[in-house]
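The block underneath contains the structure these notes are about, expressed in structure tokens.
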Amino acid sequence: MNTLILTSIEQGLIFSVLAIGVTITFKILDFADMSVEGTFPFGAFLFAKLISGGFSPLISTLLSFTFGTLAGLLTYTLNIKLRIKALLSGILTATMLYTINLRLNGKSNMGLFSYPSIYEGHEPVIVLILIILAVKMLMDAFLKTEVGYLLIATGDNETLVKSLGEDSNKYKLIGLMISNGLVALSGALMAQYQGFAEITMGTGIIVVGIASIIVGDTILRRNKLLKATTRAIMGALIYKFIGALAIDLGLAPTDLKAINAIIVIIFLTYNTFNPLKIKKADEYKVVEEAKC
Amino acid sequence: MLNIINLTKTFNPGTSYELRIFNDFNLHINKGECTGILGANGCGKTTLFNIISGVLRQEKGTVSLNGKIIDNLKENERARFIGRVHQNPSAGVSPSLTILENISLSDKKCQKFTLRKLINKQKIESYREILKTLDLGLENKLNTEVKYLSGGQRQSLSLLMATMNKPELLLLDEHTAALDPKTSRLVMEKTQELIKSYNITTMMISHNVRDAVKYSDRIIMLDKGEIILDVRSGQITEKELLNIYNSRNYGSPLQEAV
């Protein structure tokens with residue numbers, strides 16, 4: 001049980017970097033960026049390439065973020081410059097990244113046990129908490145700057161951004177690049193954590209990101225002071241934790257995907273559930289019965 | 001001030017839906033004047049505004065502002081000297097940001113946006129003062145998200161934000177059409193105050209003949225992309241304008257306003 005809780009916290013922390021990245025595109029920019037499916041393993045394979053090339057684990061991780069931003073640049077180019085719809089642009093980027101990921105190391109599965117990792121010599125959970133705190137604080141600070149607010153305004157109302165004399169596309173580019181960088185960083189952290197990079201590790205990853213946002217938005221939804229980044233982190237942790245709990249209760253690991261989907265369904269239903277409506281219907285029933 | 005020469009604009013050129021909305025259209029707007037623009041739907045009022053503010057490009061003709069040709073400037077580059085208030089109260093604000101954040105953004109309008117903090121605590125008092133002039137109690141709601149404001153409050157805020165950097169030309173695109181009669185009058189009066197105190201040249205689209213006569217210095221009526229009436233507002237009465245409206249079968253917009 002204890003190791004299970006620890007594992008789910010550690011994985012939740014890794015996925016919260018992804019969730020913050022997805023928050024920028026899906027929630028702040030209102031841009032359904034599907035490239036995440038390719039960017040997550042891209043980060044893992046980039047890390048594998050760099051670490052096997054002799055770079056230190058820290059440099060490799062940071063460079064995975066840097067190169068990951070290029071995926072955002074690609075999606076931006078497809079969407080804004082070539083005028084392909086946002087959803088399709090992301091899917092095309094993810095498809096292209098599939099090949100790039102395979103080409104990067106020449107194989108679809110690469111073990112990393114023989115290389116050093118940033119967790120070495122420390123408790124992984126401590127390292128991860130430090131990384132997530134750094135990401136969260138940087139992100140919060142960025143969203144309070146002039147550029148950060150324009151990023152929010154771009155997702156809200158592009159006409160306003162243009163009327164402020166700014167090119168709203170510039171802010172889409174900034175958002176997409178940061179988002180994809182964070183997702184790649186999350187992939188690099190995951191590869192080091194599990195000890196291998198694998199081509200299928202991105203499959204369905206967008207669901208994890210969106211689920212984290214939904215769960216994070218549902219809990220304490222009346223609390224206005226909770227920042228979007230905090231919600232994303234809490235969402236990722238809770239989402240991962242419920243899944244782990246289900247397995248601990250005796251469900252097979254093969255059931256995990258179905259459990260994950262059910263978690264999302266429960267949280268979505270809870271959001272649209274209106275107790276007042278039910279109450280009204282009940283009162284109605286009482287009146288109807290009285291009439292009889 | 002604003003000079004439009006030989007403007008030609010066609011929608012969907014080369015298709016069976018081709019629609020030539022302007023053909024060698026000319027218009028000159030004088031500095032410091034408020035020009036009311038009337039006309040039925042589809043006569044080209046909004047298209048004219050879209051061309052002036054750079055949302056649409058014309059095929060032929062030039063638009064110049066204070067002697068400078070602005071044809072090659074993008075929409076966001078023209079924002080430096082052209083302000084615009086839309087019919088939809090949400091179009092001029094960022095709904096998920098607070099009043100303070102919206103005002104702070106528009107205060108930085110056309111300056112360089114950097115990685116410095118947006119909210120400047122020293123400026124909050126001056127923003128409060130500006131909001132006080134609106135008389136809507138917004139100065140006490142600085143931290144309220146704009147999406148929780150009413151349409152009238154939002155439109156007043158948009159107006160304030162559009163005029164904050166004192167643009168050379170202000171385009172009002174039926175900016176009171178979505179508001180109830182009372183709020184619409186309040187916003188209209190606020191508009192006049194702002195225009196007069198900053199001496200902004202204004203073009204105002206309106207379907208309300210009474211407003212047009214009352215608030216503009218000059219009235220232009222468009223029909224199928226042509227100017228069919230161009231008078232000083234003192235030279236024409238509400239009734240005469242209405243007669244023109246009726247004779248052209250636009251219906252009488254005043255009946256609903258009364």
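Every chain is numbered from 1, with letters handed out A, B, ... down the list of sequences.
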Does atom NZ of Lys196(B) have more than 12 heavy-atom neighbours, drawn from other residues, nucleotides or ligands, at distances under 6.0 Å? yes
All heavy atoms of Cys110(B) vs all of Gly165(A), minimum pair found to be SG-CA, 4.1 Å
Going by residue number, which parts of residues 138-149 of chain A are within reach of chain B, meaning a heavy-atom gap below 4.5 Å? Phe142(A), Lys144(A), Thr145(A), Glu146(A), Val147(A), Tyr149(A)
Bottom line for Glu101(B): the part with an atom under 4.5 Å from chain A's heavy atoms is side chain
For the residue pair Asn157(A) / Ser94(B), report whether a side-chain donor-acceptor contact shorter than 3.5 Å exists. no
Please state whether the side chain, the backbone, both or neither of Ser104(B) comes within less than 4.5 Å of a heavy atom of chain A. neither
Distance col, row Ile28(A):CD1 vs Ser96(B):OG, nearest 0.5 angstrom, shows 9.0 Å
Check the surroundings of atom NZ in Lys136(A): do more than 12 heavy atoms from other residues, nucleotides or ligands lie under 6.0 Å from it? yes
Tell me the closest heavy-atom pair linking Ala79(B) and Lys162(A), and the distance in Å. CB-O, 3.4 Å
Determine the option with the most heavy-atom pairs under 4.5 angstrom with chain A, choosing from Ile82(B), Leu105(B), Asn102(B). Leu105(B)
Phe81(B) CZ: over 12 foreign heavy atoms closer than 6.0 Å: yes
Contacting region of Val93(B) [heavy-atom separation from chain A under 4.5 Å]: backbone
Between atom OG of Ser163(A) and atom NZ of Lys109(B), what is the distance when rounded to the nearest 0.5 Å? 5.0 Å
Residue-level interface, residues 144-159 of chain B with chain A, non-hydrogen cut-off under 4.5 Å: Tyr148(B)
Counting heavy-atom pairs under 4.5 Å to chain B, which of Asp156(A), Leu150(A), Thr159(A), Ile152(A) comes out on top? Asp156(A)
Options Lys117(B), Arg116(B), Met161(B), ranked by heavy-atom pairs under 4.5 Å with chain A, top entry: Arg116(B)
Does CZ belonging to Arg83(A) count more than 12 external heavy atoms closer than 6.0 Å? no
